[in-house]
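A short write-up of the structure that comes next.
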There are 2 protein chains.
Amino acid sequence: MATRDDARRRKADGAPTRQQDPEGTRRNILEIASEEFALNGLSGARIDEIAARTRSSKRMIYYYFGDKEGLYLAALENAYRLVREGEAELDTDGLPPVEALRRLVEFTFDHHHQHESFIRMVMIENIHHADYLDRSEVIRQLNVTAIDNIASIYSRGVAEGWFRPGLDPVDLHWQISALCFFNVSNRATFSRIFDRDLGSLEAQATLRGQVVDMVLRFVMRADRLAAE
Amino acid sequence: MATRDDARRRKADGAPTRQQDPEGTRRNILEIASEEFALNGLSGARIDEIAARTRSSKRMIYYYFGDKEGLYLAALENAYRLVREGEAELDTDGLPPVEALRRLVEFTFDHHHQHESFIRMVMIENIHHADYLDRSEVIRQLNVTAIDNIASIYSRGVAEGWFRPGLDPVDLHWQISALCFFNVSNRATFSRIFDRDLGSLEAQATLRGQVVDMVLRFVMRADRLAAE
DNA sequence: CATTATGTACAAACCAGTTCGTTATAATGG
DNA sequence: CCATTATAACGAACTGGTTTGTACATAATG
């Protein structure tokens, strides 16, 4: 119930339409900062440049995020959150184990490919020896579910006789990540050195197929592979 | 023949012992610069810090390398040269194909592990979209031999009935690189997120075995795998 | 004496973070 | 319902330290 008939305080649909919009400002700063950090790294990014591209100002960056490192950490957390939220959309429950694993790898491959700036943030964070990730309470929690998914597919596969036993789901996640991550992280140097455009549709299709193949061959029982 | 009997110009064993040693100074600068760039990135590294750690001075850095980017490029080329020279030591000629491939993967895994600062330079260069590598005449040539080695092992393996046909040696190199590179490049974030020390001896031994396994299973014919 | 090699001090630009001031909204008291 | 005060949101200009690069001077070398 709007008590005052002031245009500035009108409610659109429950949320007040204010000319001051702290949440929006914060989000806007974070988006631009994420782009700049992903593009230029922590030391390469410029607060002034971020501020200039924002709807807001430098003053507001310090108002909301404290300092450059605080802004970087927020951008890092944001990158992880966005990507993990996207990953939650994958559902392999109905599928038989081999198909489920195939879908998981394909999905991871595509997802990494589509989220290059997340990959770059992780690269940058590794350059910094994961120091900022270490300070973040938020990020670690986000990654547990990824393992649950693999673990359930794998144990079903073993139970149904398709997968060989004795593998560790975290190791499996490592292998899949390695291949899908490298595809994005090292594309530039690899393309230049071998004079191929690995970003092209054809090259990506080939790589994707091979990555899937590689994981499946690693996990499946040899007799099941030969039988195919 | 030493014309002057000046102590400063004495020859030790053919090389003049000069108090001015341009090659030595250059090399010293390059070594320190490589460490600093690998540690802090292009924008993170500080010329003053490099100069301070050198036997020489900031003046000499600009004298020999022009500017910061020139120094970075020299460090990048140096990193590639060192690593590729090391790789040339691997000899798999006498070995049967499966063993040769196994050796190649193990060697690559170990070699990447031992040359972390090379890995970091490549990471940093990828952050810069391989712009500097692009300007280097030197680097591209260094990488061709790596492919020759794989290609010869692979074609022998196919001819002798151990490997399945139809694979591309460059793709194979990509897969091996991906797994061995990721092991070093993403160790920090992966260790933190999954609360495991992936740098420990045990973890490295496990990963190494799995990487080898993964590549062999990918390349070998399924009937040969099952027969083992 | 010309060229190469080296040290010192400085300048100009850059950049993170702050100061100070203004306006908008919420809270309180009459 | 208005006045007053507190606090939240924002902007412009500035500061102090940093950092790349240079000017100038000097020493060694041929």
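Source: prediction; values computed, not measured. Letters go in sequence order (proteins before strands), and every chain restarts at 1.
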Pairs of donor and acceptor atoms involving the side chains of residues 169-181 of chain A, under 3.5 Å and at least two apart or interchain, shall be tabulated with distances.
| residue | atom | partner | partner atom | Å |
| --- | --- | --- | --- | --- |
| A:Asp171 | OD2 | B:Gln210 | NE2 | 3.2 |
| A:Gln175 | NE2 | B:Gln210 | OE1 | 3.3 |
| A:Ser177 | OG | A:His173 | O | 2.9 |

Could a donor-acceptor pair under 3.5 angstrom be found where the side chain of A:Lys58 meets the base of D:dG11?
no

Take the protein atom OH of B:Tyr63 and the nucleotide atom P of C:dT3, then report the distance between them rounded to whole Å.
12 Å

Whole angstrom is fine here: how far is it from CD in A:Glu36 over to C1' in C:dA16?
16 Å

Any idea how A:Phe190 and A:Phe194 line up, ring-wise: parallel (<30°), tilted (30 to 60°), or perpendicular (>60°)?
tilted

Quick one: is A:Tyr62 getting a side-chain N or O under 4.0 Å of the C:dT19 phosphate, OP1 or OP2?
no

Can you classify the ring geometry of A:Tyr132 versus A:His128 as parallel (below 30°), tilted (30 to 60°) or perpendicular (above 60°)?
perpendicular

Nucleotide C:dT6, atom P - distance to CD1 of B:Ile61 in whole Å:
13 Å

Flag, side chain of B:Glu125 to backbone of B:Leu133, donor-acceptor distance under 3.5 Å:
yes

For B:Ala45, answer base if it contacts any base atom (sugar-phosphate contacts may also be present), sugar-phosphate if it contacts only those atoms, and nothing otherwise; contact means non-hydrogen atoms under 4.0 Å.
sugar-phosphate

Grab the CZ-C1' distance between A:Arg26 and D:dC10 for me, whole Å please.
16 Å

Does a salt bridge link A:Arg208 with A:Glu106, judged by any charged N lying under 4.0 Å from a carboxylate O?
yes

Sorted by position of nearest nucleotide on DNA chain D, 5' first, the leading residue of B:Ile47 and A:Tyr64 is A:Tyr64

Length of the CG-C1' vector between A:Asp48 and C:dT18, whole Å:
13 Å

Is a salt bridge present between A:Glu23 and A:Arg27, judged by a nitrogen-to-oxygen distance below 4.0 Å?
no

Ignoring backbone atoms, establish whether B:Arg46 has a side-chain N or O less than 4.0 Å from OP1 or OP2 of D:dT19.
yes

Using atom CD1 of A:Ile50 as one end and atom C1' of C:dG17 as the other, report the distance to the nearest whole Å.
14 Å

Just by distance, with hydrogens left out, do A:Gln204 and A:Asn183 show a side-chain donor and acceptor under 3.5 Å apart?
yes

Look at the side-chain N and O atoms of A:Ser56 and state whether any lies under 4.0 Å from the OP1 or OP2 oxygen of D:dG11.
yes

Please report the distance, rounded to the nearest Å, between CD1 in A:Ile29 and P in D:dA9.
11 Å

Are A:Ser57 and D:dA12 close enough that a side-chain N or O sits under 4.0 Å from OP1 or OP2?
no

For DNA chain D, find the residues of residues 68-75 of chain B with a heavy-atom distance under 4.0 Å and give them by number; none if there aren't any.
B:Lys68

Whole Å only: how far is the CZ atom of A:Arg59 from the P atom of D:dA8?
13 Å

